[in-house]
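Just so we're clear, the structure is a prediction, and the values are computed from it rather than from any experiment. Residue numbers count from 1 along this sequence. Side chains are part of it too, since the values below use all heavy atoms of this structure and drop only hydrogens, waters and symmetry mates.
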Amino acid sequence: MCPAPPGAAEGPPRKDVRARRALTAAALVERAEVAPRTPEAETVLRIHRRRREQHAAFYVAEVRDLASLWSEEDDGDEKALHALAAAAGLRTKLGRGEDRLRDAHIALTDLPGCFARVAAGELPVDWFEWLLRSVLRLTAHQRRQVDERVAAWELDAIDVERFYRELRLLIDWFGRAAVRETPEERRAVHVRPSPDGDGTACLSVVGPAPEILALGRRLDAAARAVQDAQRGALETGAPLPFDLDGEALRQQRHLPLAALRYAIMTRSALETGAVEVPEPAFRLSVVVPVLSLLGRSHAPATLDGTVPIPARMARQLVASAPTFERVLVDAATGDYLPAASRTYRVSHAMAENLRLIDPVCAVPGCARNVMTIGENDHIEEFDLEHPARGGPTTIANLHRLCRSHHRMKTAGLLDPERDETTGVTRWRIGNAAVSEVRRDGDLVTRELAERLEEAWDAYLTDLVFEDLVRRGEFDETPQERAEHAEEQRWGEHLIDYWSRPDTGGPDDPGPPGLELVGGGAPPPF
């Protein structure tokens, strides 16, 4: 047990946090550093009133609704269903829905005093959400102590910097008595693709500092050993170790340590002792639009179903692949061409198509990647005893689910229905919510289809134009030809006159008129 800070029995000290002056309209305008009785000042006051009244009321109502979905007695499946319902209502990812449910529960049960100040418009919503994040590592009893003290502050008058500073001091008081994961409990490895879609990703390893430092030193020692080996190989002409792209051979120089650390980490065998690691169930999928493959488009490809990569990188991957699989789709919509099976088991080709359609779990809000670790599921259940009566094994009646949600769907807690005409799937999430999801499509194919449609429209326009030219629709009439000739004659006359060195003075009357040709009127200039 960690020793409690002094005075832990009584809790953290009670500090009288007050503002030097009340937050009147004049004081607010002064803080905003705008001139009083100006449009800017009115805007500041209007924003303040809206945040204090409308925004606070909306937030309080939403938190109360979310908190009604939480129950301490709920088992894991019930909590998961309520998180799905919250995510559906908020139109957010499942992880965010889980966080909002947790925060709403804490707000009403552990921070009732501060939540009441929010409802009164005295504690800004942004401040309260920061308070929620700050107390997550405290116990329920510690959170109530924080709530009692913060709710007594002069929240409707102190400035934001004072609030954050005092709150940080209050939370820090708990010190080691706060509930925190140990470094050992925080051991994890995360893979995060770049949000820029530039073809890169980040692998981060979190754990106790001694272990991570030891790993770094072992990796560094291995890189230096390989670097020495590369030096020797260059001198003797032997094969170069860990020369991934042949760069060291081309440059006739060993690779830098950073490149070697990467090569060793990504190409070395993972040691699992006596545990036998099976071969991957599925290969890594790269989906490349055919026009990008041919170099006629720069539309991106996708790696593992969700990670965009530049067309150039995709072409390099395809060029080095021993084989690749063609997947036929509708050129305009990106829908995969139908295939059917008379058995419950999904064919290999159909499974490949499903992984491309549903690279993440099809349950609304779930963000788990199911390209490799996932399960195929019949939307309308397949009847093993009478296959003709149940749902068919077709692309239109299949989707991929993560294992957790597949189990919940099998148990009847999740019930999807797909409209065959629109492709929209209607999900019943327990008795809590209903969410409609349009079937995923190949966005890259649709992008290329738009370009093809634009090219087709341009082609049709050219055909119409050529037909009009053939029919003489743009030919000039004799009268139009005469008028154009007269305009040209007058234009040449004016240019000739005004380009003389003796013209253009203040008293210059302008060029003389020309004799009209064909009895027409002179041009209007």
Side-chain angles (χ1 to χ4, degrees), residues 189-207 211-273 275-327 352 369 371-372 444:
V189 177
H190 305 283
V191 179
R192 298 183 180 88
S194 168
D196 300 328
D198 56 2
T200 63
C202 176
L203 177 74
S204 61
V205 184
V206 180
E211 296 177 2
I212 301 300
L213 290 175
L215 172 63
R217 288 175 180 173
R218 290 197 304 272
L219 188 59
D220 186 68
R224 293 180 185 278
V226 171
Q227 195 177 68
D228 290 340
Q230 286 188 344
R231 287 193 184 97
L234 288 169
E235 292 174 358
T236 62
L240 286 166
F242 289 95
D243 188 12
L244 299 187
D245 302 316
E247 185 67 19
L249 182 61
R250 284 193 297 271
Q251 300 291 334
Q252 285 295 297
R253 189 177 186 278
H254 63 76
L255 294 177
L257 289 175
L260 287 173
R261 292 188 193 100
Y262 177 86
I264 294 168
M265 176 168 281
T266 56
R267 295 300 175 91
S268 297
L270 299 178
E271 178 58 47
T272 56
V275 178
E276 183 178 352
V277 180
E279 289 295 320
F282 307 111
R283 63 185 180 271
L284 194 64
S285 296
V286 181
V287 182
V288 190
V290 66
L291 292 185
S292 294
L293 185 61
L294 297 175
R296 302 301 300 270
S297 169
H298 295 295
T302 55
L303 178 67
D304 208 21
T306 56
V307 182
I309 60 174
R312 179 182 177 185
M313 177 182 288
R315 286 191 287 268
Q316 292 173 344
L317 290 173
V318 171
S320 61
T323 60
F324 62 92
E325 178 176 341
R326 180 184 64 176
V327 177
E352 287 288 342
N369 190 298
M371 284 289 286
T372 53
V444 173

Chemist: Between CG of Leu260 and CZ of Phe242, what distance do you get to the nearest 0.5 Å?
Modeler: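 Interatomic distance, Leu260 CG to Phe242 CZ, rounded to 0.5 Å: 8.5 Å.
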Chemist: For the CG atom of Asp220 and the CG atom of Leu213, what is their distance to the nearest 0.5 Å?
Modeler: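 The CG atom of Asp220 sits 12.0 Å away from the CG atom of Leu213.
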Chemist: Tell me the closest heavy-atom pair linking Arg250 and Asp245, and the distance in Å.
Modeler: NH1-O, 2.9 Å
Chemist: How close do Ala229 and Pro241 get, heavy atom to heavy atom, and via which atoms?
Modeler: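 Closest approach of Ala229 to Pro241: CB-CG, 4.0 Å.
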Chemist: For residues Leu249 and Asp243, report the shortest heavy-atom separation together with the two atoms involved.
Modeler: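 What the structure gives for the nearest pair is N-OD2, 3.1 Å.
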Chemist: Closest approach of Leu203 and Met265, non-hydrogen atoms and distance?
Modeler: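 Taking every non-hydrogen atom into account, CD2-SD, 4.3 Å.
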Chemist: Which pair of non-hydrogen atoms, one from Ala223 and one from Arg261, has the smallest distance, and what is that distance?
Modeler: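 The answer is CB-CG, 3.8 Å.
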Chemist: So, Gln251 side chain and Ala248 main chain: donor-acceptor pair closer than 3.5 Å or not?
Modeler: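 Answer holds: no.
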Chemist: Could you tell me whether Arg231 and Asp228 make a salt bridge, using a distance below 4.0 angstrom between a side-chain N and a carboxylate O?
Modeler: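 Asp228 and Arg231: salt-bridged.
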Chemist: To the nearest 0.5 Å, tell me how far Leu255 CG sits from Gln230 CD.
Modeler: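 Answer for the CG-CD pair, Leu255 versus Gln230, is 4.5 Å.
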Chemist: Nearest 0.5 Å, what's the CG-CZ distance between Leu234 and Arg253?
Modeler: 10.0 Å
